[in-house]
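Structure first, then comments.
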Amino acid sequence: MQAPGELIHALQQGDEKAYATLVKTYGQMVYSTAFGFFNNRTDAEDLTQEVFLEAFHSINKFRGDSSVSTWLYRITVNKSINQLKKNKKREQLSGSLIPGGERTMWGHAKSPDAISENLERRHILHTAMDTLPELQKTAFILHKYDGLPYKEIAQVMNTSLSSVESLIHRAKINLQKKLIHYYTT
Amino acid sequence: MNCHFVHTHLLFYLDQEISPGEKEGLETHLGQCSSCKSLMEKIKPVYEQAGEPVSPSDGFFERLSSLPPGEKYPVRHSLHFISFVRRIAAVILFMLASTSLTLLYTSGQKQPTQYAGEEPFFERYFHELDEELADNDYYFLTATH
């Protein structure tokens, strides 16, 4: 396995094998993060492709100030947040066109169409996560889905360690409220 | 320890982020309070979904890594192609449908009625024209004499 520095150097030289190595080494990491944001395989795969495309095109801008994984996490988080904003706008537009099309927060969770219990549970969790503020959600995903230590989350989010602690703490309090509300009403 | 404590520390308990004393108190309360116990039983598997490993479709990373660097969206390209084919098919179907409708309409239309004993229009027209010309010949003939 190539060292990250060598890998970056090879990528900057346009080495095709290095690109394949980058995908093989960091693909699962990028996919897990994207899945945390989208809770949807198709969107997560699409975003993973976009992340590697972006990484390839901007490889010459990578100066090695951070690790390759931190750099890729940053691209993934930024792209995911932007895509979610676009999706939200699209949903609002289509929702406004459907008369009486207002959806409840848990609209799909109690649907009998749920394929399995686990899918339904995941949907409940993600519906609650979707109500979190952007930064809380990002910190929570990086912590729970990727298992990143707070220090690395701080690097990815370009913030302090105490901010990350606070964001994750508040994310859990908010999630807790939403889940309790869902199961007690 | 009461229900309020459980409601405010539930996820922290699941993440083992409470003190041993708090944990013991919370577990004692869960043993006595059926509604808190039931809540915990429902929320625990939901919250645990966050740590569950997720995987893409079969062969996704192989497909992605085998692409030439910078190659754009193989999935979307194929989707664009399918969309293009669908559009072409829709246009062809529309043309076929409109042509057949036009043919049906024209074949169903009534032909001009021709009554028994009546000369068809053009034949009558030429017949009248012949008669007119014959009259004129007669006029010229009579005029020259």
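Of the candidates B/Glu48, B/Gln49, B/Glu52, B/Gln49 is the only one forming a side chain to side chain donor-acceptor pair (under 3.5 Å) with A/Asn118.
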* To do: In sequence, state the C-alpha distance, the side-chain angles, and the governing distance for B/Phe60 and A/Thr48, and then conclude on side chain to side chain contact (heavy atoms under 4.5 Å, CB included).
  => CA-CA 10 Å; B/Phe60 171 71; A/Thr48 305; 3.9 Å; yes
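Other residues, nucleotides and ligands contribute only 12 or fewer heavy atoms inside 6.0 Å of the CG atom of B/Asp58. Counting non-hydrogen atoms of neighbouring residues, nucleotides and ligands closer than 6.0 angstrom, the CD atom of A/Glu165 exceeds 12 such neighbours. Around atom NE2 of A/His9, no more than 12 heavy atoms belonging to other residues, nucleotides or ligands sit under 6.0 Å away. The neighbour count for B/Gln16 CD, taken as heavy atoms of other residues, nucleotides or ligands under 6.0 Å away, does not exceed 12.
Inter-residue side-chain proximity for A/Arg122 and B/Val46 is flagged as unmet; no heavy-atom pair is nearer than 4.5 Å.
The two residues A/Ala20 and B/Ser65 come nearest to each other via the heavy atoms CB-O, 3.4 Å.
For chain B, the nearby part of A/Phe35 is the side chain; its heavy atoms alone come within less than 4.5 Å. Neither the backbone nor the side chain of B/Ser35 comes within contact range of chain A; no heavy atom of the residue lies under 4.5 Å from a heavy atom of that chain. With a 4.5 Å cut-off on non-hydrogen atoms, A/Leu175 touches chain B through its backbone and its side chain both. If you measure heavy-atom distances from A/His169 to chain B, the contacts under 4.5 Å come from both the backbone and the side chain. Interface residue B/Leu39: only side-chain heavy atoms are found under 4.5 Å from chain A. With a 4.5 angstrom heavy-atom cutoff, A/Arg41 touches chain B only via side-chain atoms.
Annotation: maximal heavy-atom pairing with chain A below 4.5 Å, among B/Ser55, B/Pro53, B/Ser38, B/Ala50, occurs at B/Ala50. If you tally non-hydrogen atom pairs under 4.5 Å between each of A/Gln176, A/His143, A/Met129 and chain B, the highest count goes to A/Gln176.
In this structure, CG in A/Leu179 is found 15.0 Å from NZ in B/Lys44, a value given to the nearest 0.5 Å. How far CG of B/Leu10 is from CD1 of A/Ile173: 12.5 Å, rounded to the nearest 0.5 Å. The CZ atom of B/Arg63 lies 8.0 Å from the CD atom of A/Gln49; values are rounded to the nearest 0.5 Å. Distance NZ/A/Lys24 to CD/B/Glu62: 7.5 Å, rounded to 0.5 Å. For the atom pair OH (B/Tyr47) and NZ (A/Lys172), the distance works out to 4.5 Å, reported to the nearest 0.5 Å. To the nearest 0.5 Å, atom OG of residue B/Ser66 and atom CD of residue A/Glu16 are 11.0 Å apart.
Placement of B/Ile92 and B/Leu101 in two distinct hydrophobic clusters is found when ILVMFWY residues are connected by side-chain heavy-atom separations under 4.5 Å, directly or transitively.
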